[in-house]
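Within every chain, numbering begins at 1; the chains are lettered A, B, ... in the order of the sequence lines, protein sequences first and strands thereafter.
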Amino acid sequence: MSKELTSRAEDYSQWYNELVVKAALADHSAVRGCMVIKPYGYALWENMRDQLDKMFKETGHVNAYFPLFVPKSLFEAEEKNAEGFAKECAVVTHYRLIADPENKGKLIVDPAAKLEEELIIRPTSEAIIWNTYKGWIQSYRDLPLLINQWANVVRWEMRTRLFLRTAEFLWQEGHTAHATKEEAVEETVKMLNVYASFVEEYMAVPVIKGVKTASERFAGAEDTYCIEALMQDGKALQAGTSHFLGQNFAKAFDVKFSDKNNKLEYVWATSWGVSTRLIGALIMAHSDDQGLVMPPKIAPLQVVIVPIYKGEEGKAIVDAKAKIIIEELKALGIRVKYDDNDNARPGWKFAEYELKGVPVRIALGQRDIDNNVVELARRDTKEKKSVSIDGLAVYVKALLEEIQQYIFNKALDFRTENTRKADTWDDFVKLLDEKAGFISAHWDGTPETEEKIKEQTKATIRCIPLDNEMEDGVCILSGKPSKQRVLFARAY
RNA sequence: CGGGAUGUAGCGUAGCCCGGUUAUCGCGCCUGGUUUGGGACCAGGAGGUCGCAAGUUCGAAUCUUGCCAUCCCGACCA
């Protein structure tokens, strides 16, 4: 089997597609745009999910589960939200199949089983959740309501790519209700910060926190906050969003509460989500021409041990030594695999675990045992060295932290090198074509100019960074005055 | 959804234009043996609805039509 990857320089897109499949993260399925997440990919998602779930709970949220189907009448209640998602909805119209009278062994949709009201397969769950919240909220004492759900959603995308944009994907969606606007805005920002720390600390992907412009905003939101990451090909990827929904959904679903003065008020809402798309971000931010590079904190496997031996007796000696090392590693909470599969030789295994991005590889043979060492290889730097078996687990524990930091720093350096300022239209166009990356530039604040820039360059405003410094300038396209720079990029 | 390309064993492929016996080769897989410090070697073996369906024909991987899926470009995508 050919495991040779197309290089990033040769064809970045093909490199990504091959890598996802060859590293056994996911596969295409029989259904257009839908993927099968394979055990290795799912283990990664589980690690991400577990950590996020912990962080949600630490910030006071609880999990619940709402239905996959949304009755059309509920779906259309919040007009902007419905309009925004309408053209990518899968719709259930019937509930039964019958034998095809003209074609033995085949089934047809039973025309008699047509639903009175169509069911929309959720592209997002605001509608069904706010319809439910109506029954849960009467008093200010019921607030805040802080709920998250882990679910799948379906968006009928025309052009799909594994993890980055699939027709069905896994995600979490938080939906909260608050008594005041201030509290809801605070929640929106709080969850954006949770996302940013998760992505930076666990996935080792640096992100820019910002606010979307009106035209890039979530359908039905008053404000959309986002984290934006830069991929190795210089394109930006929206890695997570947190929305301040105002009272839009409360009004659409008539969710009111009595405040302390017995006055009826509409509640204030937020919603926030990250998806399996984060896996795409992880791959494209760190991996190289040899394969994946997994950040240790969420890597399904942190250490792999490859035994090297001659004959059965030789193997028994190596096995015994490996067993001790494995126990020590496990005692420190390190996820380790001992690959003593006799069908594959060491060289093959080395290449295989590089493809899969396992952060640390330990080779152990008689030669090492004689010297009381192992050969230890880092996936991120490909550096190999001999390390004493005494205190190995402690060494590896520290090394995993070092690797985590190294990967993050590397991605951060890349982003810094590929974030540039443009002060004129010519500079802007030149930078986009030559180097891609983020471009910080002045914009006059109008959707018209934003649209023109997009049409002419395919670059969009990724966000208005939250930590922006105020600075007087003129819009690169219209020449009108501007108070601050915004971040442009071509995006996934 | 529009334009282009592709689909032959688990993977990569030859054959297709110009229809004709048992569909080519490599990797992988199985059995036995020798091996094991960067993708091992020898011998033997198994594995195919040629994407799916209809049509043309004495005969279809090959020609025609429809459908499905994937990739690229575009439109679309909070």
Which part of the nucleic acid, if any, lies within contact of A221(A), taking any heavy atom under 4.0 Å across all strands shown: a base, the sugar-phosphate backbone alone, or nothing?
-> nothing
Using a 4.0 Å heavy-atom cut-off across all strands, classify W15(A) as base, sugar-phosphate, or nothing.
-> nothing
If the C1' atom of G47(B) is compared with that of C29(B), how far apart are they to the nearest Å?
-> 8 Å
Using the P atoms only, state how far G55(B) lies from A46(B), rounded to an integer number of Å.
-> 35 Å
Would you please indicate if the ring centroids of F428(A) and F488(A) are separated by under 6.0 Å?
-> yes
Could you state the atom-to-atom distance from NZ of K38(A) to P of G10(B) in whole Å?
-> 13 Å
Hey, is the side chain of S13(A) poking within less than 4.0 Å of OP1 or OP2 on C72(B), counting only N and O atoms?
-> yes
Please give, in whole Å, the distance from C72(B) P to M158(A) CE?
-> 16 Å
Mind checking the P distance from G74(B) to U31(B)? Whole angstroms is fine.
-> 50 Å
Taking the six-membered ring for Trp, are the ring centroids of F218(A) and F85(A) within less than 6.0 Å of each other?
-> yes
Within the distance-only criterion (no hydrogens, no angle test), does the side chain of S29(A) pair as donor or acceptor with the backbone N or O of C34(A) below 3.5 angstrom?
-> yes
For the side chain of H28(A), counting heavy atoms from C-beta on, which of U70(B), A75(B), C77(B) is nearest?
-> U70(B)
CA sep, side-chain torsions, deciding dist, call: D380(A), R378(A), salt bridge (Lys or Arg N to Asp or Glu O under 4.0 Å) | CA-CA 6 Å; D380(A) 56 341; R378(A) 285 173 66 153; 2.7 Å; yes
Below 4.0 angstrom, N of the basic side chain to O of the carboxylate: do D340(A) and K349(A) qualify?
-> no
Main-chain N/O of F56(A) paired to T59(A) side chain as donor or acceptor, under 3.5 Å = yes
Atom-pair distance (CZ on R159(A); P on C71(B)), nearest Å = 9 Å
Given A75(B), U70(B), C72(B), which nucleotide is nearest the side-chain atoms of R161(A)?
-> C72(B)
Interatomic distance, R32(A) CZ vs G7(B) P [rounded to whole Å] = 19 Å
What nucleic acid atoms does G240(A) come within less than 4.0 Å of, heavy atoms only: base, sugar-phosphate, or nothing?
-> nothing
Does R165(A) make a side-chain N or O approach to OP1 or OP2 of C76(B) shorter than 4.0 Å?
-> no
Listed range with range, the stems formed with RNA chain B by at least 3 consecutive Watson-Crick or G-U pairs (under 3.5 Å) are B:1-7 with B:68-74, B:10-12 with B:25-27, B:29-34 with B:40-45, B:51-55 with B:63-67
Please measure how far the C1' atom in G10(B) lies from the corresponding atom in G20(B), and state the result in whole Å.
-> 31 Å
Matching residue for I283(A) among V293(A), L292(A), L278(A) - test: side chain to side chain contact (heavy atoms under 4.5 Å, CB included) | L292(A)
Using a strict cut-off of less than 4.0 Å between a Lys/Arg side-chain nitrogen and an Asp/Glu carboxylate oxygen, indicate whether E354(A) and K382(A) qualify as a salt bridge.
-> no
Any chance you could list the contact pattern along nucleotides 29-38 of chain B? Use B for base contacts, S for sugar-phosphate-only contacts and - for none, protein heavy atoms under 4.0 Å, 5' to 3'.
-> ------BBBB
Verify, without hydrogens or angle tests, whether R32(A) (side chain) and M158(A) (backbone) share a donor-acceptor contact under 3.5 angstrom.
-> yes
Using a 4.0 Å heavy-atom cut-off across all strands, classify K87(A) as base, sugar-phosphate, or nothing.
-> sugar-phosphate
Pairwise P distance for U13(B) and G51(B), with rounding to whole Å | 14 Å
Taking atom C1' in both U6(B) and G12(B), compute the distance separating them and give it to the nearest angstrom.
-> 14 Å
Check: R462(A) side chain, L487(A) main-chain N or O, donor-acceptor pair, under 3.5 Å | no
Separation of Q14(A) atom CD from C73(B) atom P, in whole Å?
-> 12 Å
In whole Å, what is the span from the NZ atom of K458(A) to the P atom of C73(B)?
-> 8 Å
Ignoring hydrogens and angles, write down the donor-acceptor pairs under 3.5 Å from the side chains of residues 183-191 of chain A, residues two or more places apart or on other chains.
from, atom 1, to, atom 2, distance (Å)
E183(A), OE2, H178(A), ND1, 2.9
E187(A), OE2, H61(A), NE2, 2.7
E187(A), OE2, W272(A), NE1, 3.4
T188(A), OG1, A184(A), O, 2.8

Atom-pair distance (CD on E455(A); P on A75(B)), nearest Å | 10 Å
Rounding to a whole Å, what distance do you find between F218(A):CZ and C77(B):C1'?
-> 14 Å
